[in-house]
Protein chains: 2
Amino acid sequence: MSSTRDALMDRAEFYIRTGGYSSFSFRDLAKDLAIKSASVHYHFPTKTDLGTAVMQRYNDRFKAALPDPSLTTLTAPEHVRHYIMMFYTEMMQNQSMCLCAVLSVEQMLLQPALTDSVDAFYTLNLDWLTSVFQLSPQPALPKAQAVQRATQVLATLQGALIGASARTEADYFIMAAKALYKDLFGKDLRFPSTH
Amino acid sequence: MSSTRDALMDRAEFYIRTGGYSSFSFRDLAKDLAIKSASVHYHFPTKTDLGTAVMQRYNDRFKAALPDPSLTTLTAPEHVRHYIMMFYTEMMQNQSMCLCAVLSVEQMLLQPALTDSVDAFYTLNLDWLTSVFQLSPQPALPKAQAVQRATQVLATLQGALIGASARTEADYFIMAAKALYKDLFGKDLRFPSTH
DNA sequence: GTCTATACGGTGATAGAC
DNA sequence: GTCTATCACCGTATAGAC
């Protein structure tokens, strides 16, 4: 069932999240899969097509992992803890940054189809975080404050992933995330011990 | 005197902070200054030379703007407020992100000389922020907590600049910065009104 | 689906004249 | 300092055979 297509997207996602959109070529992908670059073009006619598919799949993963806060019994601290751990886990698996943050940096290089899917990530995540802060008990913030919190959370996590990647130091992310979580809920966030 | 050199660095910094290291070529710079790309190579033999010079100048600007906390009478909230406003002002001037964050994302593309100067930015800023949280009265945190705070601050601001740039919405940065500042010091951070 | 072959523009970089 | 001219290379992308 054309697993070549999936493998190509996997490699592309890895390259982008590790060194940016310009850090790989169709020839690189071809070499990785031991095929020719013309075959890559068969699956994705243009690089924009490939990038967009990768970004959309990323959005879908997040969408699937973000439960409607009004349909669960989880509290805001629990929701946010899962959210942070999702970023953390992906980082630990391959030293990579947030796909959306990387593509945001290279915005000017990208064609509209791709920037649109980047925008969709912001909307999806900010809306979800906002509703978490609005709906869940304990804090139950008014809209304006909830939006502010949502923005703070996303900015901090994306920035923390970039710093952790640059310094090849997972602790950079952990420190930022712990401080953030403590500020949000007054509770300590625990990470699986690193060694 | 060679103001061509400065003009080249200005343009390069703009391009990088707007769309990344790969978003411009020596020919772009040449066109902007109405000269030829060979003349650009006269001032900066390689692109790495240019990038490194730009990054080092950026570091120097920060170094000059960060007063030794033990030699001033400023409190931690005042220091951090100035620090945040420095990022904010640069963002407002040309819709640009933090040079260090951008180059961090494209790390894998860069040669050692350039990544070294990116590392220097992290060290400079984290050390300064840490000493602010360690030395200034009011909070006066122990080392480990001060480092955590420093990391949180840098990550949040870099992430906030990226989000603001992607969404072309200065308010994104303002919201993240306000929430952060309130958490740090319990005080509201005020920005010059946007309209 | 994958291949060979190839077009074509852009890129960093250099030699040497003015 | 700036130019013309040129280089080798790498990028995305396509045509057409198998």
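Labels below follow one simple rule: chain letters A, B, ... track the order of the sequence lines, proteins then strands, and each chain is numbered from 1. Please read all numbers here as calculations on a predicted model, not as lab measurements.
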Legend entry - Co-members of B:Met175 in a cluster of I, L, V, M, F, W and Y side chains, linked at under 4.5 Å: A:Val147

Quick one: [X] [atom1] to [N] [atom2], roughly how many Å, whole number?
| X | N | atom1 | atom2 | answer |
| --- | --- | --- | --- | --- |
| A:Asp6 | C:dG1 | CG | P | 11 Å |
| B:His41 | C:dA13 | NE2 | P | 6 Å |
| A:Leu8 | D:dT12 | CG | P | 13 Å |
| B:Gln111 | C:dG12 | CD | P | 12 Å |
| A:Leu29 | D:dC10 | CG | C1' | 15 Å |
| B:Phe26 | D:dC10 | CZ | C1' | 17 Å |

Within the sub-3.5 Å range, which N or O atoms of nucleotides 2-6 of chain C have a protein N or O partner, and how far apart are they?
from  : atom 1 : to      : atom 2 : distance (Å)
C:dT2 : OP1    : A:Thr4  : OG1    : 3.3
C:dT2 : OP2    : A:His43 : NE2    : 2.8
C:dC3 : OP2    : A:Lys36 : N      : 2.5
C:dC3 : OP2    : A:Ser39 : OG     : 2.9

Inset, instruction - Would you please test A:Glu106 and A:Ser22 for side-chain hydrogen bond (donor to acceptor under 3.5 Å, both in side chains) and show each step? - result: CA-CA 9 Å; A:Glu106 293 175 293; A:Ser22 323; 3.1 Å; yes

Inset, instruction - Examine D:dG11: is either OP1 or OP2 under 4.0 Å from a nitrogen or oxygen in the side chain of A:Ser25? Give yes or no. - result: yes

Inset, instruction - Scan A:Phe24 against the nucleic acid and name what it touches under 4.0 Å (heavy atoms): base, sugar-phosphate only, or nothing. - result: sugar-phosphate

Inset, instruction - Kindly confirm or rule out a cation-pi arrangement of B:Lys47 over B:Phe24, judged by NZ or CZ under 6.0 Å from the six-membered ring centre and within 45° of its axis? - result: yes

Inset, instruction - Using the six-membered ring of A:Phe14, assess whether NZ or CZ of A:Arg17 lies under 6.0 Å from its centre and within 45 degrees of the ring axis. - result: no

Inset, instruction - Kindly state each residue pair satisfying salt bridge (Lys or Arg N to Asp or Glu O under 4.0 Å) with at least one member in residues 124-139 of chain B, sequence neighbours excluded. - result: none

Legend entry - salt_bridge(A:Lys178, A:Asp188) N-O dist < 4.0 Å: no

Side-chain donor-acceptor distances from residues 112-120 of chain B under 3.5 Å, at least two apart:
from     : atom 1 : to       : atom 2 : distance (Å)
B:Thr115 : OG1    : B:Pro112 : O      : 3.0
B:Ser117 : OG     : B:Leu114 : O      : 2.8

Inset, instruction - Under 4.0 Å from any atom of DNA chain C, heavy atoms only: list the residues of residues 46-56 of chain B that qualify, in numerical order. - result: B:Thr46, B:Lys47

Inset, instruction - State which residues pass side chain to side chain donor-acceptor pair (under 3.5 Å) with B:Asp10; sequence neighbours excluded, sorted by chain then number. - result: B:Arg57

Legend entry - Evaluation steps, side-chain hydrogen bond (donor to acceptor under 3.5 Å, both in side chains), between B:Asp183 and B:Gln152: CA-CA 11 Å; B:Asp183 288 339; B:Gln152 177 192 22; 5.2 Å; no

